[in-house]
Amino acid sequence: MKKLINQHPTRPFRWLLGIIPFFILVILYIGASNARLAENPNDKLLPAFSSIAEAMNRLAFEPSKRSGEYVFWQDTISSLERLAVGVGVSALIALVLGVLNGTIPFVRANLSPLITAISLVPPMAILPILFIVFGLGEASKIVLIAIGITPFLIRDMQQRVLEIPGEQIIKAQTLGANTWQIIVRVVLPQVMPRLIASVRLSLGAAWLFLIAAEAIASTDGLGYRIFLVRRYLSMDVILPYVLWITLLAFAVDYALRQLSQWLYPWFHDQTPERA
Amino acid sequence: MKKLINQHPTRPFRWLLGIIPFFILVILYIGASNARLAENPNDKLLPAFSSIAEAMNRLAFEPSKRSGEYVFWQDTISSLERLAVGVGVSALIALVLGVLNGTIPFVRANLSPLITAISLVPPMAILPILFIVFGLGEASKIVLIAIGITPFLIRDMQQRVLEIPGEQIIKAQTLGANTWQIIVRVVLPQVMPRLIASVRLSLGAAWLFLIAAEAIASTDGLGYRIFLVRRYLSMDVILPYVLWITLLAFAVDYALRQLSQWLYPWFHDQTPERA
Amino acid sequence: MSYINIKNVWKEYGDQVVLERINSTVEEGEFITIVGASGCGKTTFLKMLLGTEAPSRGLITVANEPLRYEPDAQRGIVFQRYSVFPHMTVLQNVVLAREFEKSRFLSRLFGRARKQAIEEALTMIEAVGLSAAANKYPHELSGGMQQRLAIAQALIKKPRILLLDEPFGALDPGIRADMHQLVLELWRRYKLTIFMITHDLKEGFYLGTRLWVFDKDRIDPHHPGAFGARITYDVPVGSVDQKASEKIRESLQQHNAAQDEPELSGVSS
Amino acid sequence: MSYINIKNVWKEYGDQVVLERINSTVEEGEFITIVGASGCGKTTFLKMLLGTEAPSRGLITVANEPLRYEPDAQRGIVFQRYSVFPHMTVLQNVVLAREFEKSRFLSRLFGRARKQAIEEALTMIEAVGLSAAANKYPHELSGGMQQRLAIAQALIKKPRILLLDEPFGALDPGIRADMHQLVLELWRRYKLTIFMITHDLKEGFYLGTRLWVFDKDRIDPHHPGAFGARITYDVPVGSVDQKASEKIRESLQQHNAAQDEPELSGVSS
Amino acid sequence: AKDSFKVCWSIYVGWMPWDYGAQKGIVKKWADKYGIDIEVVQINDYVESINQYTAGQYDGCTMTNMDALTIPAAGGVDSTALVVGDFSNGNDGVVLKGKKSLKDIKGQTVNLVELSVSHYLLARGLESVGMAEKDVKVVNTSDADMVAAYTTDDVTAVVTWNPLLSEIVGMPNSTKVFDSSQIPGEIIDLMVVNTDTLKANPKFGKALVGAWYEIMATMSADSDAGKAAREFMGKASGTDLAGYEAQLASTKMFYTPADAVAFTTSDQLKTTMKYVAEFSFDHGLLGEGAADAGFIGIETPAGVYGDKGNIKLRFDPTYLKMAADGKL
Ligand SMILES: Nc1ncnc2c1ncn2[C@@H]1O[C@H](COP(=O)(O)OP(=O)(O)OP(=O)(O)O)[C@@H](O)[C@H]1O
Ligand SMILES: Nc1ncnc2c1ncn2[C@@H]1O[C@H](COP(=O)(O)OP(=O)(O)OP(=O)(O)O)[C@@H](O)[C@H]1O
Ligand SMILES: [Mg+2]
Ligand SMILES: [Mg+2]
């Protein structure tokens, strides 16, 4: 017998192992749901899979009576759009500020304390101020996502830049590079895969802020729908929506990982993969 | 002139540079506040500093008529307690699961997909279920914090464990270590400072969840107070509370950093410091 | 049967053949030095002996059993790049092996056992010349010092088979000679079987009992990866230990001589 | 005045004196090899010449100007541990210097300029024997190959002063001899001033024009850090290039001879 | 039968007495009298409190008549309005920025908590001026952020309740164009308890109702004690005595059980519930299984509205009558 630490499950077995916990969750759910429904057939908290399927069918494949839209898809598109813009803007800001902070000590001295402070402010608590500055439209949702994740991203980027071995920066200088050249040729390209990794890490928070933003003032979106139907405890809608959000989040995460592996093979071949 | 990249501000100058942005923020606030108050003396959105001071004086230094407590301090203590327990529990779970996931491929195959999935579920969306499972007492607040940050912490820990050079693990085996010994002597101690670093990174989120939890079910706490006065748009209370939360968050962050530097000098001397 | 049997071992990474048709037998107590061009697969071969890489084809047996594909206390290793534990002082790094051995659960020793382990470790630390740094962390040491620590760490365990991947590359000649002495002494005393990769041909020739040269004997210029390296030469060297240690002493003297040579001019300020 | 003047230079880290009273002058075009015990401060000294560490006391001047405490294109470096850019292929790593030079803003070359830079880089890559790996990333190379890449990267820039920190430690003798040739050739052609740390005394003696030995000449056994190392010997060596290159050739032949020696027995399977 | 019960409440002018009663020991006094335990729990999030009740975590909960129909009743939890505490008499309103009349709302974007009583109020208001919901665009806006949202230029029309309403009306250039005093008695604040629990444990109902009217007596008194009680409630809801009294002014409290009995037994209640049920049905709040507005039966003293076979919401004045008769 090899030591546990050296035992690697084979591929199909790994799949199986990975699926088991989900399977157990489903079983648990069915048990709990059946028990509740036996007591009160109208129970809304843990609906049967059939009710969930029915609700989803209605939302995804029948046009809404009110607007004629396919509610589910409309919600998905709106949310993904907001998420993409919000995360994109955040990543861009984080890339610029994080790289500047990391490479130029003067910029770091100037901005780092402020960014640290901002990263500590709970965004939900200052919503009123955000509203007057950015209004209540789409902008405010994007801004909430940005305010929520950008400080983290900037700090992470800064840290990643600082982790680039000093020898490389020195080497670049001996090759005649000026500060700008070091940034564009040495720092930026090395930090790009790390940016993707950070974005992947912060996607959870981004979804959170997206949902919060949609709960505040909105007419569509996955978060909007969840908060709306929460009013009458429609878990038959909430659960599949949460599942769908989880799936979307997973898909986005997966896509980013693939993208990163495709764009930056040198990074992934030397860094152990996050499972 | 040295290249920008090699110019390091001297200590006092660095302080000054760091303070400037805050100074600008204060100036901006005063300007905006004065403008709004000139238009409508009853405006509550951006109160003058004098109103803020008055409100704080009332909350911090006069016993509440209702309970005889000093509201502000009571709120602070309650919130910090919840935060400490919530983050502590999360860190502990993350340490155990992260290290197991990182070191033992079978555990990783088994749990990693589930943890990834959970980390993608927006906790806010499943609040009703959380409350029903964990009740609405203190437990639910701690659980919300834990659910909010533990998946991130576990994944980060796992990643950090995987980043330990394979040579070290091999070396330990050639020195006769079994899996358990590798975990307690090689992996755990190296991962501890990284745990502190991850906790520092996730404190922002922890505060967020704490505030959200307090807004839903609580009768004291910083988040509760903000929630309570928000309906009157009492920015004269909200702003100092937000500032106070930020300060507390900063203090906690600072304390953790100092602790880590004191406990794990070998870690900090070889890793560039997060500014 | 010999102690170690290597039978028609190949190693391929995808298309690239790194090693091909490696066949050899090694007796217990042999000291094999390995030289070869950079990138020809020496480290890869060592990894197969260590058990962290499996051959693509072929079989390696040790003491008539197939080699275990997992590192264990039988086989010690000193890597090309330092692999000491950054979170432990020099002393802790060296004591660790004993703690693993004697305290299966806590991996910590107390009282007499601890004192004894520390003494033993200090002796070894002394032997590699790190006494003054016993309480320093690796990041406070120079590269060469870290490598000496790695050597002490591996040697204290007295493994049956010791694998050394350019262990002395980062050491200066004086220290290197001391290390040679140390390894030779332990090798003789405990009848270790040693495989050592080196880039210093002289070292290779005179330190071990047998020298292997890894080389590609066939090269396809259009597909550099099409053929792998083999053991092209297998030379018995310095079979008389005296002769080996004599040479070592010689090299030592050469170093000392360098500082005493008449043409040297001190540059005291 | 000499090209480089080192006047009473000290280097201390806190309590620990690493280097003390370093005094010397170096002319343009000298090739100085530095040997010394591990941890005695050789790398630290190189860093001061590079400008990444400032002396605690004393002054270094280059061409009558105080040394700039910032690395620049005048001083090239090859580190003890590889410092190539992991996100660039071998070719990109080598071309980079030209791109920095000729495209201050984009740091990218196009068209003819690009073609020319690539050609030049390929020549240099050929010279260090990495032609087959020109489009590989560093992580796909062995340690020795990475080090050769670092050498190519530094040499293409033809810096006025070239600092080498054990550049050939990880190379096998054949390649090492080629590298010696390459460095000597570029040194002669461009009148570089070279400082090279080595652990190989032979290399130190015959490669340069002058050998420095760093050593502590006073030791306080209770405070190992109380005294620093100095240049204890400053020897003119191999001042006739012919002699140096002859020796090199000799060492080359020794290597080739090793593979042809009559007592060798092939071990083909 | 069990002997310990949990009820939850959330912060709102008409429910603050529960907090007062719990803090001052009045609830405990009455529970002791009947030999039971009653825990009174504050839940800040109103919807969450109802959800918790519906999920069976609490035996009783404060809510409006509309939410009692659409959440627990629609969720199959047979519920009884034990205490009919008050109805909104101006506590909910429609506010326009820069416009003076409800008719001007046509074509505007209206921010409100969708599917709440605000939404119902808007529907009733629009009806009164011959419009329908399709004449405006409704944007769901969380109540916690309503006041802040109103300060932005994007927002020109809101429907909300107190204390948010008075904050908003107090802002420059704002006019309340419609409020609940124009549909009196339609937005009712209740203490709803689980019907089965109540049936099995009449003591539970008696203790709660008894406590409630003792609190009512205290707070309605024009004495220092009454003032102290109101100030206590004001503080607990984040304002002061004046602020709280202003909110009370637009709330029709039933300080005596007799008032409550009279209101509950009136015919109007049944009509109101019919409106509410129709509104709820139109907005899909009665569940997918609902074929018409009467899918869920609502029992009032004046008769049952809807499906008699599926009665899930009951207005039962039994305990109120006991209080009125001094039989508790
Ligand atoms: N994991 C791997 N995947 C693909 N190729 C690899 C891997 N490890 C090593 N190689 C390739 O195998 C060959 C042999 O590498 P190895 O490290 O064994 O060489 P080496 O003889 O030890 O060289 P050096 O003397 O420079 O250390 C190299 O060409 C290298 O590119
Ligand atoms: N940043 C630092 N802080 C404190 N001490 C240091 C630092 N850098 C180096 N030292 C110490 O200075 C001494 C000289 O180190 P240096 O790396 O220059 O040695 P070296 O001669 O290059 O050794 P080697 O041959 O092993 O590479 C060592 O004792 C080391 O511990
Ligand atoms: Mg190797
Ligand atoms: Mg060095």
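In this text the structure is predicted, and so the values were computed from the model without any measurement. Chain letters run A, B, ... following the sequence lines, proteins first, then strands; residues in each count from 1.
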Part of C:Thr89 lying under 4.5 Å from any heavy atom of chain B: neither

C:Arg160/C:Thr193 under side chain to side chain contact (heavy atoms under 4.5 Å, CB included): CA gap, chis, key distance, verdict: CA-CA 6 Å; C:Arg160 300 300 323 131; C:Thr193 308; 5.5 Å; no

Exercise: do B:Gln181 and C:Glu99 side chains pair donor with acceptor under 3.5 Å: no

Donor on one side chain, acceptor on other, C:Gln92 and C:His87, under 3.5 Å: no

Atom pair CG/CG of C:Leu164 and C:Leu155 - distance to nearest 0.5 Å: 7.5 Å

Largest heavy-atom contact set with chain B, pairs under 4.5 Å, which of C:Leu96, C:Leu163, C:Leu106: C:Leu96

Proximity breakdown for C:Tyr137 and chain B, heavy-atom pairs closer than 4.5 Å: side chain

Contacting region of C:Ile156 [heavy-atom separation from chain B under 4.5 Å]: neither

Leading residue by heavy atom contact count with chain B [cutoff under 4.5 Å; candidates C:Ser103, C:Pro71, C:Ala97]: C:Pro71

Which atoms of B:Val184 approach chain C - backbone, side chain, both or neither, heavy atom under 4.5 Å: side chain

Top contributor to chain C contacts, counting heavy-atom pairs under 4.5 Å, from B:Gly166, B:Ala172, B:Pro165: B:Ala172

Interface moiety of C:Leu50 toward chain B, non-hydrogen atoms closer than 4.5 Å: side chain

Side chain to side chain contact (heavy atoms under 4.5 Å, CB included) between C:Tyr13 and C:Thr44, worked out: CA-CA 11 Å; C:Tyr13 288 113; C:Thr44 304; 3.9 Å; yes

Flag for C:Thr33-C:Trp212: side-chain donor and acceptor within less than 3.5 Å: no

C:Arg189/C:Glu185 salt bridge by N-O under 4.0 Å criterion: yes

Which atoms of C:Arg98 approach chain B - backbone, side chain, both or neither, heavy atom under 4.5 Å: neither

Option in C:Arg104, C:Arg75, C:Met88 with maximal non-hydrogen atom pairs under 4.5 Å from chain B: C:Arg104

More than 12 heavy atoms of other groups within 6.0 Å of C:Glu126 CD: no

Region of C:Gln153 in contact with chain B, defined by heavy-atom distances below 4.5 Å: both

